[in-house]
Amino acid sequence: MAALLLLLPLLLLLPLLLKLDVWPQLRWLPADLAFTVRALRCKRALRARALAAAAADPESSESGCSLAWRLAYLAREQPTHTFLIHGAQRFSYAEAERESNRIARAFLRARGWTGGRRGSGRGSTEEGARVAPPAGDAAARGTTAPPLAPGATVALLLPAGPDFLWIWFGLAKAGLRTAFVPTALRRGPLLHCLRSCGASALVLATEFLESLEPDLPALRAMGLHLWATGPETNVAGISNLLSEAADQVDEPVPGYLSAPQNIMDTCLYIFTSGTTGLPKAARISHLKVLQCQGFYHLCGVHQEDVIYLALPLYHMSGSLLGIVGCLGIGATVVLKPKFSASQFWDDCQKHRVTVFQYIGELCRYLVNQPPSKAECDHKVRLAVGSGLRPDTWERFLRRFGPLQILETYGMTEGNVATFNYTGRQGAVGRASWLYKHIFPFSLIRYDVMTGEPIRNAQGHCMTTSPGEPGLLVAPVSQQSPFLGYAGAPELAKDKLLKDVFWSGDVFFNTGDLLVCDEQGFLHFHDRTGDTFRWKGENVATTEVAEVLETLDFLQEVNIYGVTVPGHEGRAGMAALALRPPQALNLVQLYSHVSENLPPYARPRFLRLQESLATTETFKQQKVRMANEGFDPSVLSDPLYVLDQDIGAYLPLTPARYSALLSGDLRI
């Protein structure tokens, strides 16, 4: 019915639209319409689920937060269906429900809850329930930490695995907030994260105990409850959470314990990457977790699919999109603790994977692997993710197809997402009026020099024309909120733009520059912080990288701007990794950039590396590389500089470096 209501006015307007020469966008109308109908059905289904949970008996497991009632539903409706595959382990939905119930009860003991009914206080217990000593008992644990308060935050420092999921689900059922801490953090950054989200407890993997030993005094001084997830826990003041959970019954806990007072309430903290500073704790609402149940539905994934997930669970892509998205359709997820390009296709073949989720440079690692038999005999039909570069896209399809790639765009704290449901190579989504009616956003003109949107005489922003890079912004509303970050309100001030199109309106600032082409496709242009200015012109790092990546002897390219004494702006620098067994051809490289890039965009410096550094979420390190500069006395990597007078890239020797600083070498 929704499809007919949308299609009828379009058919009536068709003759007029053809006269207006809008066929380039009309040709994609069927795909736009199909996705719109799917999105409307998804929204309706999620709303129906939420209303059913709100109307359910507060004492039952069918009420409460969305994670709790969705898992309880799946355990009841498809108890034997495999939810999780982790190595040789397999867990059904019923087992996931029982394991998380035990964890929930262990944490409820830490809250001082003994199984009483709603409003009956702590004195009574459920009939037949075993009462274990409170998990947070100070004397038993050797700490002075008080009992956990309802809604307290518990931080997780755990690798991707079953324990992470059961503890996360259990905390949600117990009415406690969870904070996903990046596993590589130690010392100051770790303590900063725990303080910023107001953590009352920390659950850590026993394998991290040795590296965390210098941090333990500070963690104890913070008054945290400390748990570990293994029998090897012999450190004073740290208890074995899994042992405590094993003493609990696996019966469901009442839904009222986790039911939010408001769907906008924070239920989770996910830390931003912190590439330009310490991580910030993004607030994730109950609404956003509910919406993420629809992610795989929007991507066309079904209950029968097997999803391969090798992303960190402390990242939104792994936890909210991967795990919660899987719960949304009741599918099976193969969880890999750490991505391995050499094992990927063997894993897909072994587990009969049909869908996998990627991010950043993950697909590039796969196309750079030597050929294998498994890559020719797989059942993968769909790859879903973000950050896939156009050159890798084409190589991936040519080598591993036929399969569909569905590139998306989104942010942990953001209120806007895009889906390239057409499969158009290089695009991150569509800007059709149908899509923007459901998921509103705009591209506005942006001044790279000032770092601010360009406004007209009335003080309002202006939208971009086709082909013009623009700042992606989205209106903040009850349906698309922005909750900001834990801590001082100033942390979110740069993320909100006011009076964008009308006085008093508020928009979320993604900090990303996108381009909408003539056919309505969105293309990622650059991060506002990555685009730099040289010779009075704006240089987009992604565009320069795409040009260099077409050279057959280059395997990876990372473009960033570096400060050069005596010069305004930043000069382009390219970190390069060669494709084995190829050698660096400086003559061909200079000829290529001269033919394909304007003078201002040509990299002034080259840095040759065996492999390029990435973050744990497979994103290239730009800020760190820019800070390391191009001093040959500091860097051991081979360095080259563009000599404008000679017209060639030459080794950057200490003598040439000095000539550059003195102004004798022109770049």
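Positions are given from 1, in the same order as the sequence printed here.
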Have [X] and [Y] got a donor and an acceptor in their side chains that come within less than 3.5 Å?
X      : Y      : answer
Tyr421 : Asp32  : yes
Tyr446 : Glu468 : no
Thr541 : Asp526 : yes
His523 : Asp517 : yes
Tyr296 : Asp305 : no

Side-chain ([X]) to main-chain ([Y]) donor-acceptor, under 3.5 angstrom:
X      : Y      : value
Arg364 : Thr392 : no
Arg381 : Val355 : no
Ser100 : Ala96  : yes
His378 : Val380 : yes
Ser480 : Ser477 : no
Glu394 : Gly426 : no
Thr272 : Pro279 : no
Tyr93  : Ala331 : yes
Lys288 : Gly414 : yes
Asp505 : Asp499 : yes

Least distance between heavy atoms, [X] atom then [Y] atom:
X      : Y      : value
Gln357 : Leu362 : O-CD1, 4.5 Å
Thr510 : Leu472 : OG1-O, 2.7 Å
Ala492 : Phe482 : CB-CE2, 3.8 Å
Val544 : Ala601 : CG2-O, 3.7 Å
Phe532 : Tyr560 : CE2-C, 3.8 Å
Tyr308 : Ala310 : CE2-CB, 3.9 Å

Side chain to side chain, [X] and [Y], heavy atoms closer than 4.5 Å:
X      : Y      : result
Val289 : Cys267 : yes
Ile405 : Phe396 : yes
Val428 : Thr408 : no
Pro453 : Arg445 : no
Thr153 : Thr178 : no
Thr412 : Ile284 : yes
Val333 : Ile323 : yes
Pro481 : Leu287 : yes

Salt-bridge test for [X] and [Y]: reply yes if a basic N is under 4.0 Å from a carboxylate O, no otherwise.
X      : Y      : result
Glu97  : Lys173 : yes
Asp530 : Lys622 : no
Arg424 : Glu407 : no

key: Among Lys495, Glu413, Arg283, the one residue meeting side chain to side chain donor-acceptor pair (under 3.5 Å) with Tyr485   =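 When Lys495, Glu413, Arg283 are each tested with Tyr485, the side chain to side chain donor-acceptor pair (under 3.5 Å) holds only for Glu413.
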Going by the angle between their ring planes, with limits at 30° and 60°, are [X] and [Y] parallel, tilted or perpendicular?
X      : Y      : result
Tyr435 : Phe439 : tilted
Phe507 : Phe501 : perpendicular
Phe339 : Phe344 : tilted
Phe618 : Tyr365 : perpendicular

inquiry  = Can you tell me which residue among Phe271, Phe164, Tyr269 is in a ring-ring contact (aromatic ring centres under 6.0 Å, His included) with Phe180?
reply    =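 Output: one option passes, namely Phe164.
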Once rounded to the nearest 0.5 Å, what's the spacing between atom [atom1] of [X] and atom [atom2] of [Y]?
X      : Y      : atom1 : atom2 : answer
Gln293 : Ser66  : CD    : OG    : 5.0 Å
Met316 : Phe295 : CE    : CZ    : 8.5 Å
Gln425 : Leu397 : CD    : CG    : 5.5 Å
Ser317 : Leu313 : OG    : CG    : 11.0 Å
Glu543 : Leu548 : CD    : CG    : 13.0 Å
Leu335 : Leu165 : CG    : CG    : 6.0 Å

Phe356/Leu309 under side-chain contact (heavy atoms from CB on, under 4.5 Å): CA gap, chis, key distance, verdict = CA-CA 6 Å; Phe356 83 88; Leu309 187 64; over 6 Å; no
request  = Step by step, work out the side-chain contact (heavy atoms from CB on, under 4.5 Å) result for Cys326 and Gln303.
outcome  = CA-CA 8 Å; Cys326 180; Gln303 177 185 324; over 6 Å; no
Does [X], at its [atom1] atom, have more than 12 non-hydrogen atoms belonging to other residues, nucleotides or ligands within less than 6.0 Å?
X      : atom1 : result
Arg352 : CZ    : no
Arg47  : CZ    : no
Phe521 : CZ    : yes
Glu77  : CD    : yes

task = Decide side-chain contact (heavy atoms from CB on, under 4.5 Å) for Leu156 and Val181; before the verdict, give the C-alpha distance in whole Å, the side-chain angles of both, and the deciding distance to 0.1 Å.
result = CA-CA 6 Å; Leu156 304 187; Val181 180; over 6 Å; no
query = Does the pair Thr332 and His81 meet the rule for a side-chain contact (heavy atoms from CB on, under 4.5 Å), with working shown?
reply = CA-CA 8 Å; Thr332 298; His81 189 89; 3.5 Å; yes
task = Take Phe419 and Phe35, measure what ring pair (Phe, Tyr, Trp, His ring centres under 6.0 Å) needs, and give me the verdict at the end.
result = CA-CA 9 Å; Phe419 293 79; Phe35 185 85; 5.5 Å; yes
Evaluation steps, side-chain hydrogen bond (donor to acceptor under 3.5 Å, both in side chains), between Asn420 and Thr418 = CA-CA 7 Å; Asn420 178 6; Thr418 65; over 6 Å; no
